Every structure is written in structure tokens, then in C-alpha cells.
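One structure is given here, and the rest of the page talks about it.
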Protein chains: 2
Amino acid sequence: MSKTPVWKSIALSLTSDIAEGRYNTGDQLPTEAQLAAQHGVNRHTVRRALSDMAEQGLVHPRRGAGVFVAARPTDYPIGKRVRYHKSISASGKIPGKKILSLTTRVADDSEAEALQLTPGDTVHVYDGLSLADGQPIGLFQSVFPAERLPDILDALSDTQSVTRALQRCGVEDYTRVSTRLTARAATPTQALHLHLTEGAPVLFSVGVNADTTGIPVEYGRTVFAGERVTLTMNED
Amino acid sequence: MSKTPVWKSIALSLTSDIAEGRYNTGDQLPTEAQLAAQHGVNRHTVRRALSDMAEQGLVHPRRGAGVFVAARPTDYPIGKRVRYHKSISASGKIPGKKILSLTTRVADDSEAEALQLTPGDTVHVYDGLSLADGQPIGLFQSVFPAERLPDILDALSDTQSVTRALQRCGVEDYTRVSTRLTARAATPTQALHLHLTEGAPVLFSVGVNADTTGIPVEYGRTVFAGERVTLTMNED
DNA sequence: TTATACTATACAACTAGACAAATATTACAC
DNA sequence: GTGTAATATTTGTCTAGTTGTATAGTATAA
């Protein structure tokens with residue numbers, strides 16, 4: 001899907017550098033070799049970009065000396081509009097949740113490992129959607145050990161809150177043991193739920209919460225709509 | 001009557017070659033033409049197999065260069081006191097950094113705010129690439145207050161390490177004050193550096209590090225290759 | 001008929017390396 | 001200091017190889 005040739009994006013980058021005054025008229029640009037290294041590309045690709053700029057009269061090369069800035073571009077590409085993102089706290093206190101399903105089944109391998117269960121143990125699963133101002137921002141799945149928390153599903157359907165449901169099941173307090181994050185492309189199903197186009201960037205988060213004694217009580221996976229969510233971590 | 005398509009058996013054959021260690025991560029596979037000749041098929045059939053493997057993240061083609069065996073996703077811990085070099089070595093990979101450019105300029109608004117500077121103050125800027133086993137995993141920009149750390153650029157070009165450069169400039173220790181994360185689509189330039197296709201999901205991270213007295217010393221922005229990086233947050 | 005799997009060919013885009021030509025820098029004689 | 005030769009640096013050019021893409025054709029099974 002990358003229609004723009006590499007050399008063109010390099011030419012654009014250098015052109016905007018000149019336009020922004022990073023290089024002035026008469027200045028020598030970095031050598032072709034340096035530019036190639038900076039952009040992680042072959043020298044010939046840089047030459048292709050420079051020759052394009054030379055044709056436009058922006059730079060003029062001198063063999064043995066270097067490439068020099070000839071003039072300012074009359075018009076240059078301006079940066080794309082910066083989008084404003086809703087800032088969501090990473091602590092999990094997101095206003096508005098919608099229950100998609102509450103089920104009970106056998107734990108799969110990754111769930112068993114995360115919750116320190118033996119294969120074959122059953123788990124309660126909470127699938128849901130996180131909302132902010134009515135807009136979907138996250139699609140999550142919380143997995144709980146059924147033996148430890150037999151009544152968690154009832155508590156969840158009442159409160160819709162993981163924290164309060166756990167409290168009602170005797171887990172006074174819990175802490176986040178681990179969190180892993182990565183960026184992915186939205187699957188069709190995820191795109192549907194999060195009102196995104198297929199392939200849009202999403203934040204994929206996997207985490208485990210444990211009670212005060214260190215025993216895991218929840219294994220959560222969340223897919224955030226990348227364009228609508230910024231996770232903020234404050235260490236204090 | 002084997003129903004399995006030819007390209008699939010080729011993909012399986014190559015996959016097992018990789019699994020058996022006949023090709024190691026980072027190795028270049030035989031060229032498409034060679035593989036086509038070896039299997040007695042057309043190059044397009046080989047390409048079909050390779051594109052399937054690329055989708056699974058097993059291999060990573062580079063136009064003009066060849067097809068290379070991809071590395072497993074790298075765990076990248078973030079938290080109060082994480083140091084890139086240590087954390088990557090701990091994951092069994094060889095860490096590296098590549099300096100793209102070292103410059104000095106006036107701070108923009110967001111930088112001034114993050115570093116608690118007054119508008120017009122100058123900053124030193126370190127653009128670079130983070131590597132694990134030679135593969136690019138992150139494209140970063142570190143901004144330092146010039147007045148507080150006048151010699152940081154020399155220290156950086158010597159050590160390539162933010163931690164050691166700061167130490168040499170009198171900052172014995174530092175901690176992460178804040179981190180913000182979101183998912184985005186790779187721009188052409190970012191895709192170029194990180195060896196991704198344009199529009200591939202990337203993790204965008206913005207963070208501030210402060211010294212022991214709480215004064216900001218570094219404002220860092222990083223773009224991680226989503227398919228090669230998992231951020232791990234350890235709460236300690 | 002229609003879709004599929006594969007073949008065949010051609011060209012574009014990029015990498016890789018080598019060497020030539022022009023220029024800049026340095027060392028040294030005077 | 002000045003001029004000159006030697007050396008290093010930088011752009012220009014060439015050849016070759018590799019992946020990406022587009023178009024057209026063929027055999028086969030549903």
C-alpha cells in the first residue's frame with residue numbers, strides 16, 4: 001500500500017528541512033553518504049531524491065565538493081493536521097461499559113499460565129466494550145479463575161465494574177502485576193466494535209491483576225482504538 | 001491427488017528449515033529466483049509462499065536486498081527505572097543504537113513545556129534508531145535542555161547511551177516521570193527507518209525523565225515497530 | 001462457463017559494489 | 001608564508017543483482 005517511492009519521501013523531507021530554514025541558501029547539505037546512512041537507505045536512492053530536487057532548482061551539486069542549497073522552495077508541503085486525542089487514564093477507570101457476554105468455559109493455555117491454573121480448570125469470562133462520551137474506545141476480555149471466584153459473573157452483571165465485582169467476591173484490593181502493550185492492525189471484528197476501518201492501528205494490552213497475597217485474580221486483554229486513546233502512565 | 005497448493009508446501013518447507021535452525025534470525029534466504037529454480041516452479045509461486053510467511057511475521061523482505069528471517073518480537077520494558085541497554089540484553093538480544101543526527105535548535109512549545117523551559121531556550125536534540133539483533137525496533141528523538149547540559153552532544157556521540165551521557169554531564173541518576181502511549185499508522189519516513197510498510201501499526205511513546213531533584217532532563221519521543229515490539233510495564 | 005493455481009514476460013524500484021573525475025585538505029620543501 | 005605534491009573526500013557513472021508490480025496466457029477442477 002506504500003505508493004510513495006522511498007526517494008520521494010526523502011526528497012520531501014529534505015525540501016521541508018530547507019523550507020523550515022534548517023538549511024539556508026548556500027549551505028552545504030550532508031554528504032550523500034551521510035544522508036544515506038541517516039535515512040537507512042542506499043546512496044543511489046538519496047541521489048535519486050537529490051537529482052529530483054536539482055531538477056526543481058532547489059539544490060545544485062558540485063562534484064568533489066558537495067551538494068548546496070540553491071534556493072527556497074516556493075511552496076512546500078505543510079504537516080498534516082494534528083489530531084486531538086481523548087486522554088484516557090491507564091488506571092482502568094473508564095466511564096461507561098457495555099457487557100457483550102458473560103460466559104464460563106475451560107481456560108486455554110495462555111490463560112492458564114497467566115492465572116497459574118492447571119490445564120482443564122474453568123474460568124469465567126467477561127467480554128465488554130469501554131465507552132467514553134458514548135464512543136467505543138476499547139474492546140476487552142477479562143478472565144477470572146472460576147474456582148477462586150465462583151460468583152464473579154453475577155457481581156459483574158450487577159456492577160459492570162471489575163473492581164467492585166472483585167470486592168463483592170472477597171478481593172479487597174488488587175494490584176497490577178504485569179502489563180504488555182503492542183500496536184497492531186484492527187481485525188474486521190475489532191474494527192466493527194470500535195467503529196474503525198479494518199487495518200487501523202490499535203493498542204493491544206495484556207495484563208494480570210493479583211490480590212494482596214500475589215495470587216492472580218484477573219487476566220485482561222484489551223484492544224484500544226489507537227486514534228481515540230492515549231494511555232498515560234504517571235509514576236508517583 | 002494432493003490438494004495442497006504448491007506454494008503452501010514450499011512455505012512449509014522453508015518454515016521448517018527456519019525452525020530447524022538451517023537459517024538463523026537475520027539470515028538472508030536464497031533469492032526468489034534461486035528458490036524458484038530449486039523447487040522447479042515459477043518465481044511468482046515462490047513469492048506466494050514468501051508473502052504468506054511474511055504475513056505470519058516469519059520473514060521480512062527488503063526490496064533490492066533480499067528476504068531475511070525475521071526476529072521474534074522484542075520485549076521492551078518501561079517503568080520508573082528502565083535502561084534500554086540493560087533491558088534488551090536481559091531479553092537475550094544484542095542491543096544497539098544508531099545515531100541519525102545530533103543538532104541544536106530552539107525548543108518548540110511542547111518541548112519547552114515538558115522540560116519546564118521558557119520559550120526561546122535552546123535544546124540539544126538526538127535523533128536515532130534503537131536496534132535489537134541489528135533489527136530496527138524504535139525510532140526516537142531525545143531532547144535535552146542546552147543550558148543545563150551543554151556538553152551532552154559530545155557525550156552522546158562518544159557513548160551512544162543516554163544514561164552514560166547524562167552521567168558524564170553530572171546527572172548521576174534519573175527516573176521516568178511520565179509516559180504516554182498511543183497506536184498510530186506509520187508515516188512513509190517512519191516506515192523507511194523501521195523497515196515497515198507505510199500504514200503499518202506503530203506504538204508512539206512520549207516520556208519525560210527527571211533527575212533526583214525532580215527537574216526534567218530529557219524529553220523523549222519514540223516510535224516503535226508494532227510487529228516487533230511488546231512494551232512491558234513493571235510496577236515496582 | 002468460471003474461478004483457481006500456476007506460468008511467462010517485462011519493467012520499475014532499490015540495493016550493492018566498484019571505479020573515475022573533481023575538489024578539498026594536509027604535509028612538506030623552500 | 002607560499003607553492004606544490006600527496007592524500008582524502010565527494011560527486012558522477014557504470015554494471016549487476018534482487019524484490020515489487022503489472023499484464024497476459026494456460027491448464028484444470030467445480
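Below, read A as the first sequence line, B as the second, and so on, with proteins coming before strands; counting in each chain starts at 1. All values derive from a computational prediction rather than experimental measurement.
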Hey, is [atom1] on [X] packed in by over 12 heavy atoms from elsewhere, all under 6.0 Å?
X        : atom1 : value
A:Arg105 : CZ    : yes
B:Gln28  : CD    : yes
B:Glu113 : CD    : no

Would you say [X] reaches [N]'s phosphate, i.e. side-chain N/O to OP1/OP2 under 4.0 Å?
X       : N      : answer
A:Trp7  : C:dA13 : no
B:Thr45 : C:dA5  : no
B:Arg63 : D:dG17 : no

Worksheet item: Base, sugar-phosphate, or nothing: which does A:Arg47 touch, judged by heavy atoms less than 4.0 Å apart?
Response: base

Worksheet item: Using a cut-off of 4.0 Å on non-hydrogen atoms, how would the nucleic acid contact of A:Arg62 be classed: base, sugar-phosphate, or nothing?
Response: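 Touches sugar-phosphate only.
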
Expressed in angstrom and rounded to an integer, what is the separation of [X] atom [atom1] from [N] atom [atom2]?
X        : N      : atom1 : atom2 : value
B:Leu192 : C:dT15 : CG    : C1'   : 13 Å
B:His39  : C:dC6  : NE2   : C1'   : 15 Å
A:Leu50  : D:dG12 : CG    : C1'   : 13 Å
A:Lys8   : C:dC14 : NZ    : C1'   : 16 Å
A:His44  : C:dA13 : NE2   : P     : 16 Å
B:Arg43  : C:dA10 : CZ    : P     : 13 Å
A:Glu32  : D:dG12 : CD    : C1'   : 8 Å

Fill in: Residue met sooner reading DNA chain D from 5', once B:Gly64 and A:Gly66 are mapped to nucleotides
A:Gly66

What's the closest nucleotide to the [X] side chain, out of [options]?
X       : options                : result
A:Asn42 : D:dT11, C:dT15, D:dT19 : C:dT15
B:Val6  : C:dC6, D:dT10, C:dA21  : C:dC6
A:Val67 : C:dA8, D:dG20, D:dT11  : D:dT11

Item to complete: Compute whether any side-chain donor of one residue and acceptor of the other, for B:Tyr174 and B:Thr163, lie under 3.5 angstrom apart.
Response: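 Yes, because at least one side-chain N or O of B:Tyr174 sits under 3.5 Å from a partner of the opposite role on B:Thr163.
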
Worksheet item: Within 45° of the six-membered ring axis of B:Phe140 and under 6.0 Å from that ring's centre, is NZ or CZ of B:Lys97 located there?
Response: yes

Discussion item. Reading DNA chain C from 5' onward, which residue's closest nucleotide shows up sooner: A:Ala65 or B:Arg48?
Written reply: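 The residue mapped nearer the 5' terminus is B:Arg48.
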
Discussion item. Closest-nucleotide mapping onto DNA chain C: is B:Val41 or B:Phe68 further toward the 5' terminus? I mean the 5' end.
Written reply: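 Its nearest nucleotide lies further toward 5', so the answer is B:Val41.
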
